[in-house]
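First comes the structure, then the notes that go with it.
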Amino acid sequence: MSEEFTSGTIASPGIRIGRAHVLSRRNPDIPRYFINTWNINNEISRFEEAVHSTKSDIETIQRQVAITLSSEMSDIFATHVMILEDPLLVEKAKDIIRREQKNAEWAINDIIVEYTNNLEASGDDYLKERIVDFSDLNRRIISNLMNHREKPLMDVSEGDILVAADFTPGETACMNRMAISAFVTDRGGRTSHTAIMARALGIPAIVGAINATASVKTGDMLIVDAIHGRVIINPPEEVLKEYKQYEHDYTRIEAELELLSNLGAKTSDNEEIFIYGNVEVPEEMKSVSRFGAHGIGLYRSEFLFMGKKLPDEEAQFQAYRTAAEFFDPQPVTIRTIDIGGDKIISYTESMKEKNPFLGCRAIRFCLDNEELFRIQLRAILRASAYGNVRILFPMISCVGELKEAQKILSDVKSELDSAGIAYKKDIKAGIMIEVPSAAINADRLASYCDFFSVGTNDLVQYILAVDRINEKIARLYNPADPAVLRFLRMISDSAARSDVPVSICGEMAGDPVYTMLLIGLGFRHLSMSPAFMYQVKNVVRSVSSEECRVLAEELMTEEDGDNVRRRIYEIYDRRFNSFRKKA
Ligand code: PEP
Ligand code: MG
């Protein structure tokens with residue numbers, strides 16, 4: 001019998017078919033016993049040795065990752081080492097051994113279970129994703145205490161699809177790209193370490209497929225369709241056959257498309273389309289430049305703020321400067337923090353709101369927390385001395401808000417001037433157009449900023465009143481709805497009339513299915529995750545801007561959004577011989 005999951009998040013795109021290898025977490029049975037008073041010092045030494053060995057195991061992985069992947073990725077393990085070096089954790093365990101006379105395995109397990117329970121109860125997705133780090137450390141320390149050396153990935157055969165509740169960063173980093181063809185996890189979101197690693201390694205992956213480990217057995221035949229976000233278990237023969245063809249086509253197309261990275265992105269009638277990258281974590285920058293993009297169209301700076309501690313001005317400056325220097329002279333568009341909505345950081349944990357997407361989010365949060373905003377602006381301005389940095393304000397909904405943000409920016413510039421600190425004097429500051437009021441008032445807003453970047457992810461949710469993260473109503477979330485098309489046309493016309501450059505950076509810009517439509521609506525600058533650039537460039541190079549214009553005009557006359565969507569998919573499938581199934 002075949003079964004299908006559709007609830008997973010695509011961490012890294014692709015299609016793979018293979019046998020499942022379910023990685024069961026063989027958490028060792030934890031021995032629990034009391035220590036005699038005269039043995040307490042020995043027990044503490046045993047614990048210290050295990051912590052020491054765990055630290056050196058992790059440092060070995062960290063070095064390997066720095067060589068085989070990148071130094072940024074190896075930083076994930078620096079966090080593990082930091083946890084191990086945290087005197088609170090180590091001293092607390094020793095204290096339990098000393099006072100409660102519990103053995104070392106029992107003591108450390110009690111502490112980590114308490115930590116992970118607190119993380120689970122936090123309701124904060126980012127903090128919850130750190131549970132896997134703590135559990136990994138717990139297992140490693142206990143294995144070292146018990147002299148178990150676990151090698152969970154060693155018995156995986158070439159071409160296997162790994163299925164697990166989640167992977168520890170160590171496991172993901174050790175995955176040999178040639179051996180493991182894809183993976184699926186119960187937990188995790190787009191920002192989890194596992195998802196980040198998957199993208200960086202180019203391994204197709206679906207995360208957050210809630211029941212995966214409960215439903216899949218080792219040896220099951222699996223189809224991982226990380227184009228549509230599906231996992232199919234033991235598919236019937238005809239589905240398997242169909243997907244084998246898709247997999248084959250996808251691999252061939254990927255290889256062919258790779259050749260596009262050195263070619264320009266011009267339509268057949270010579271209109272240049274500028275492709276930029278969206279980045280959340282520094283390791284994505286390399287992919288953006290490898291794909292031959294024109295720079296960064298959206299640097300989601302809030303991801304720097306998702307650790308326990310807020311980054312100070314210096315840490316932010318270093319991160320922004322690295323990006324600026326890496327892409328110079330190409331633009332690096334740094335969006336000031338967009339937190340709130342589904343992006344909660346430790347700082348805002350207490351800020352529970354009934355309607356967070358309509359609440360104190362993005363620029364609203366920054367204007368309410370001016371000091372934090374000023375620090376970020378100082379860091380961005382200082383980094384602008386090292387490259388072509390641009391500033392992007394998120395979720396602007398009215399002129400007053402934009403004026404306030406610009407006033408603070410100009411105050412911060414004056415501070416830097418007085419202190420003789422260098423920055424790019426003609427730095428451009430733009431706004432996200434992602435709220436209907438901003439789209440309607442775009443001509444007015446244009447007088448107070450240098451460019452627009454359309455955030456279709458939010459714009460669609462606010463126009464259609466469809467929560468972008470609610471699976472129950474996902475089918476109503478339609479970027480091809482006539483109302484959305486009208487808004488997009490209005491924004492593009494407004495920008496042209498006001499002579500303000502406009503780009504699109506929502507997911508729609510990276511979905512090749514919509515490329516013709518967006519060109520037809522007048523957009524020439526598209527910013528997207530690097531994983532989608534080849535496909536978009538392929539469309540750009542195969543069409544003329546005139547036929548896109550005619551298509552957009554025609555689609556604008558449709559009344560029904562489902563029809564528009566169906567037609568867009570049909571055209572894409574027909575024109576680009578797509579492996580993508582019907583919507
Ligand atoms: C958007 O809303 O389209 C966007 C790019 O911003 P985010 O997805 O970060 O809200
Ligand atoms: Mg947005």
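As the structure lists them, so they are numbered: ligands from 1, and atoms in each ligand from 1.
- For ligand 1, one of its N or O atoms has an N or O atom of T456 under 3.5 Å away.
- Annotation: cation-pi geometry satisfied between R390 and F451 (NZ/CZ under 6.0 angstrom from ring centroid, within 45° of ring axis).
- Among M432, E507, M528, R468, the residue whose heavy atom lies closest to atom 10 (O) of ligand 1 is R468.
- For atom 1 (C) of ligand 1, the nearest non-hydrogen atom from the set I504, N457, V460 belongs to N457.
- For atom 5 (C) of ligand 1, the choice among R300, E434, M508 with the nearest heavy atom turns out to be R300.
- With hydrogens and angles left out, the side-chain atoms of Y320 and Q376 include a donor and acceptor closer than 3.5 Å.
- Short contacts between ligand 1 and L298, defined as distances under 4.0 Å to a heavy atom of the residue, involve ligand atoms 5 (C).
- Each of the atoms 1 (C), 2 (O), 3 (O) of ligand 1 lies under 4.0 Å from some heavy atom of G455.
- Nearest to atom 6 (O) of ligand 1 among the protein's heavy atoms is R335 NH1, 2.9 Å.
- Neither side chain, Q318 nor T322, offers a donor N or O lying under 3.5 Å from an acceptor on the other.
- Residues R524 and E272 are not paired through a salt bridge, judged by the lack of any N-O separation under 4.0 Å between the basic side chain and the carboxylate.
- The environment of CG in D499 is sparse: at most 12 heavy-atom neighbours from other residues, nucleotides or ligands sit within 6.0 Å.
- Between the side chains of Q461 and D458, at least one donor N or O lies within less than 3.5 Å of an accepting N or O.
- Contacts of D338 with ligand 1, taken as heavy-atom pairs under 4.0 Å, involve the side chain alone.
- Residue contacts with ligand 1 for R361 involve side-chain atoms from C-beta outward but no N, CA, C or O (heavy atoms, distance under 4.0 Å).
- Note on ring orientation: taking the six-membered ring where Trp is involved, the planes of F274 and Y276 are parallel (angle under 30°, cut-offs 30° and 60°).
- The pair E314-R382 meets the salt-bridge criterion, with a side-chain N (NZ, NE, NH1 or NH2) lying under 4.0 Å from an Asp/Glu carboxylate O.
- Residue E434 approaches the Mg ion (ligand 2) most closely through its N/O/S atom OE1.
- Note on D458: its N/O/S atom closest to the Mg ion (ligand 2) is OD2.
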